[in-house]
Amino acid sequence: MKKLLLILLPVLAFVGGAISGDIFGEPKPADETRIQGIATEQADATSQTGKGESSSTTKDDTLGWFRFPTQFFVPVLRNGSPTAVMILSLGIETPASAQAEIEAQELRLRDSLLNALMIEANTGAFDGNFTSEVTLQKLRTSLLAAAQKTAGPNVRRILIEDIGRQEQ
């Protein structure tokens, strides 16, 4: 029974993550077109009435996401021996104009984020309820600081797409 649970739980976590990623993922191309159309209509209405400045959604300040193509694996050590492995999928929110620059720094960003994750693992961030909002916010803050130190202010936010813990 125990062996069955060791196999079944990661499979269920993967399926749940895949379903939630599909539900909460990026909008479909039709949705993006509709959203852009609404932004254009708002900009036209603003310019016709003369009230305010131009629309807040322009090509210069639109935000996009850079997703790391592979997951982060972080060992959790206690008394010098591994007790678990944290598995995370991360993304970075960045201006669309800086996306190529962020992609070019992928390896440096991955290194700095992995370093920050190791520090968090060694300070107990992945012990107990690691999915509480307070713990996740602290983790995001730490990862954002590491990413901004490496890639500069173009890194706006860190997205934790998936997070899981596999006991050893």
Side-chain angles (χ1 to χ4, degrees), residues 1-32 35 57 61-96 98-99 101-168:
M1 182 68 177
K2 203 174 201 181
K3 289 181 182 180
L4 180 64
L5 282 176
L6 287 175
I7 294 171
L8 190 60
L9 285 176
V11 170
L12 288 175
F14 176 75
V15 170
I19 291 171
S20 65
D22 188 42
I23 292 171
F24 297 111
E26 291 185 22
K28 308 277 186 282
D31 293 340
E32 290 177 8
I35 291 169
T57 306
D61 66 355
T62 57
L63 297 175
W65 290 97
F66 169 74
R67 289 188 174 135
F68 287 94
T70 56
Q71 297 173 320
F72 289 80
F73 294 89
V74 183
V76 179
L77 302 173
R78 292 294 164 253
N79 299 324
S81 59
T83 60
V85 174
M86 295 300 299
I87 304 166
L88 298 99
S89 295
L90 300 177
I92 296 176
E93 184 180 52
T94 181
Q99 196 130 14
E101 179 185 330
I102 296 296
E103 288 174 5
Q105 297 185 47
E106 176 187 342
L107 294 176
R108 290 180 62 223
L109 278 166
R110 188 171 186 82
D111 178 61
S112 67
L113 291 175
L114 190 56
N115 185 37
L117 286 167
M118 296 284 190
I119 292 170
E120 291 297 317
N122 289 330
T123 58
F126 299 127
D127 294 338
N129 186 4
F130 61 88
T131 60
S132 72
E133 183 57 33
V134 173
T135 304
L136 287 176
Q137 188 57 42
K138 182 178 179 264
L139 180 61
R140 281 187 193 99
T141 302
S142 170
L143 293 173
L144 180 62
Q148 285 180 336
K149 184 177 179 182
T150 301
N154 283 330
V155 176
R156 301 283 173 87
R157 207 169 66 145
I158 299 293
L159 171 67
I160 301 173
E161 296 179 38
D162 293 312
I163 186 169
R165 179 182 171 116
Q166 182 175 356
E167 298 292 328
Q168 297 288 326

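Just so it is clear, the model here is predicted, and its values are computed rather than measured.
- Partners of Phe72 according to the ring pair (Phe, Tyr, Trp, His ring centres under 6.0 Å) rule, which considers only residues two or more places apart in sequence or in another chain, are Phe68.
- The CG atom of Leu143 lies 11.0 Å from the CG atom of Leu159; values are rounded to the nearest 0.5 Å.
- Atom OG1 of Thr131 is separated from atom CG of Leu139 by 11.5 Å, given to the nearest 0.5 angstrom.
- With sequence neighbours excluded, the residues satisfying side chain to side chain contact (heavy atoms under 4.5 Å, CB included) with Phe73 are Gln71, Val85, Ile87.
- Taking each heavy atom of Pro95 and Asn154 in turn, the nearest pair found is CD-O, 3.1 Å.
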Quick one: do Met86 and Val76 satisfy side chain to side chain contact (heavy atoms under 4.5 Å, CB included)? Show the steps, please. CA-CA 7 Å; Met86 295 300 299; Val76 179; 3.7 Å; yes
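- Judged as a side-chain hydrogen bond (donor to acceptor under 3.5 Å, both in side chains), and not counting sequence neighbours, the contacts of Glu120 are Lys138, Ser142.
- When every heavy atom of Thr135 is checked against every heavy atom of Asn129, the shortest pair comes out as OG1-O, 3.7 Å.
- Legend: salt bridge (charged side-chain N to carboxylate O under 4.0 Å, His left out) pairs involving residues 70-94, not counting sequence neighbours, sorted by first then second residue: Arg78-Asp127, Glu93-Arg157.
- Remark: the backbone N or O of Asp111 is not paired with any side-chain donor or acceptor of Asn115 at under 3.5 angstrom.
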Evaluate the criterion side-chain hydrogen bond (donor to acceptor under 3.5 Å, both in side chains) for residue pair Thr70 and Arg110; output intermediate values, then yes/no. CA-CA 10 Å; Thr70 56; Arg110 188 171 186 82; 3.1 Å; yes
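- Atom-to-atom distance recorded for Ile163:CD1 and Leu136:CG is 5.5 Å, nearest 0.5 angstrom.
- Annotation: the span from Phe126 atom CZ to Thr83 atom OG1 amounts to 12.0 Å, rounded to 0.5 Å.
- Rounded to the nearest 0.5 Å, atoms CH2 (Trp65) and CD1 (Ile92) are 9.5 Å apart.
- Qualifying side-chain hydrogen bond (donor to acceptor under 3.5 Å, both in side chains) partners for Ser81, counting only residues two or more places apart in sequence or in other chains: none.
- Heavy atoms only, all atoms of each residue included: Ala146 and Ser112 are closest at O-OG, 3.7 Å.
- The salt bridge (charged side-chain N to carboxylate O under 4.0 Å, His left out) contacts involving residues 142-154 comprise nothing, where partners must be two or more places apart or lie in separate chains.
- For the side-chain hydrogen bond (donor to acceptor under 3.5 Å, both in side chains) test, no residue two or more places apart in sequence or in another chain qualifies with Asn79.
- Contacts of Leu77 classified as side chain to side chain contact (heavy atoms under 4.5 Å, CB included), with partners at least two apart in sequence or in another chain: Pro82.
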Trace of the side chain to side chain contact (heavy atoms under 4.5 Å, CB included) decision for Arg156 with Thr94: CA-CA 6 Å; Arg156 301 283 173 87; Thr94 181; 5.6 Å; no
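- Judged as a side chain to side chain contact (heavy atoms under 4.5 Å, CB included), and not counting sequence neighbours, the contacts of Leu144 are Gln148, Val155, Ile158.
- Interatomic distance, Glu106 CD to Leu113 CG, rounded to the nearest 0.5 Å: 10.5 Å.
- Residues forming a salt bridge (Lys or Arg N to Asp or Glu O under 4.0 Å) with Arg165 (at least two apart in sequence, or on another chain): Glu167.
- Residues Pro75 and Gln168 are not in side-chain contact: their nearest non-hydrogen atoms beyond the backbone lie 4.5 Å or more apart.
- Scored by the side-chain hydrogen bond (donor to acceptor under 3.5 Å, both in side chains) test, Arg108 finds Gln105 as partners (sequence neighbours excluded).
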